[in-house]
Amino acid sequence: MKPSIGIVVDGSCCPNPGAMEWQGVCLASGKKLFRYGPIRNGTNNVAEFLAIVHALSISDILTIYTDSSTAMAWVRNGEGKAPATASETVKDLVRRANVKLQTLNDSYRRLRYWDKIRWGENPADFGRK
RNA sequence: ACAU
DNA sequence: CGATGT
Ligand SMILES: [Mn+2]
Ligand SMILES: [Mn+2]
C-alpha cells in the first residue's frame with residue numbers, strides 16, 4: 001500500500017555536481033516541512049543524504065521515505081560521503097550530518113525506500129526531470 | 001544493473 | 001546526452 005503517514009524526502013542537484021537542494025514533505029498533510037539550499041558544489045547523493053538525516057532529526061517516531069539507495073546505504077553505514085572535489089561548505093554539511101546521525105540511534109530502522117514503481121513519483125520530488 |  | 005553512487 002502507498003504510505004499515507006510519514007515524511008518523504010528528496011534531494012536535487014542542477015547540474016550534478018552543482019547547486020543542491022533538499023526538502024521534506026509530510027505524507028499525512030501534504031505540507032512541506034523543510035527546504036534547504038541551493039548550495040553550490042553539491043551532488044545529488046549528498047542532497048538526498050542531508051534530506052534523510054534532517055527528517056530523522058525532526059521526528060523520533062515517523063517513518064522516513066527516500067528514493068535514494070545510495071543515501072540509504074550511507075545512513076545504514078552511519079556515514080555520508082562528500083566527494084573529494086566538494087567545497088568546504090559541502091564537506092562541512094556532510095560532517096555535521098554525520099555527527100547528527102551518531103545521535104540518532106538505530107534510526108536506519110525508520111528509513112524506507114519510496115517505491116515509485118508501485119506508488120508513483122515521490123511527493124517531495126522537485127519536478128525538474 | 002540497480003537507484004538517483 | 002552528462003553526472004553521482006552501491
Ligand atoms: Mn530523489
Ligand atoms: Mn526527485
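Proteins come first, then strands; the chains are lettered A, B, ... in the order of their sequence lines, and each starts at number 1.
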**Asked** Does B/C2 have OP1 or OP2 sitting under 4.0 Å from an N or O in the side chain of A/Tyr113?
**Response** no

**Asked** Rounded to the Å, how far apart are A/Trp114 CH2 and B/C2 P?
**Response** 22 Å

**Message:** Side-chain N or O of A/Trp74 versus OP1/OP2 of C/dT6: is the shortest distance under 4.0 Å?
**Reply:** yes

**Contact check, side chains of A/Val53 and A/Trp74, non-hydrogen atoms, under 4.5 Å** = no

**Request:** Consider only side-chain N and O atoms of A/Ser87 and A/Arg40, and report whether a donor and an acceptor are under 3.5 Å apart.
**Result:** no

**Request:** Using heavy atoms and a sub-4.0 Å distance, could you list which residues of residues 116-129 of chain A are near RNA chain B? By number, please.
**Result:** A/Lys116

**Asked** Whole-Å distance between C/dA3 P and A/Asn41 CG?
**Response** 16 Å

**Asked** In whole Å, what is the span from the CG atom of A/Asn44 to the P atom of C/dG5?
**Response** 6 Å

**Prompt:** A/Tyr65 pairs by side chain to side chain contact (heavy atoms under 4.5 Å, CB included) with which of A/Asp10, A/Val9, A/Leu27?
**Reply:** A/Leu27

**Request:** Compare side-chain N and O positions of A/Thr43 against OP1 and OP2 of C/dG5 and report whether any pair is under 4.0 Å apart.
**Result:** yes

**Asked** Of the candidate nucleotides C/dT6, B/U4, C/dA3, which contains the atom at the shortest distance from the side chain of A/Glu48?
**Response** B/U4

**Request:** Describe the nucleic acid contact of A/Pro83 in one word from base, sugar-phosphate, nothing, applying a heavy-atom distance below 4.0 Å.
**Result:** sugar-phosphate

**Note: A/Asp125-A/Lys129 ion pair, threshold 4.0 Å (strictly below)** = yes

**Message:** Categorize A/Asn45 for me: base, sugar-phosphate, or nothing, with a 4.0 angstrom heavy-atom threshold over every strand shown.
**Reply:** base

**Message:** Do A/Ile7 and A/Ser59 make a side-chain contact, defined as non-hydrogen atoms from C-beta onward lying under 4.5 Å apart?
**Reply:** yes

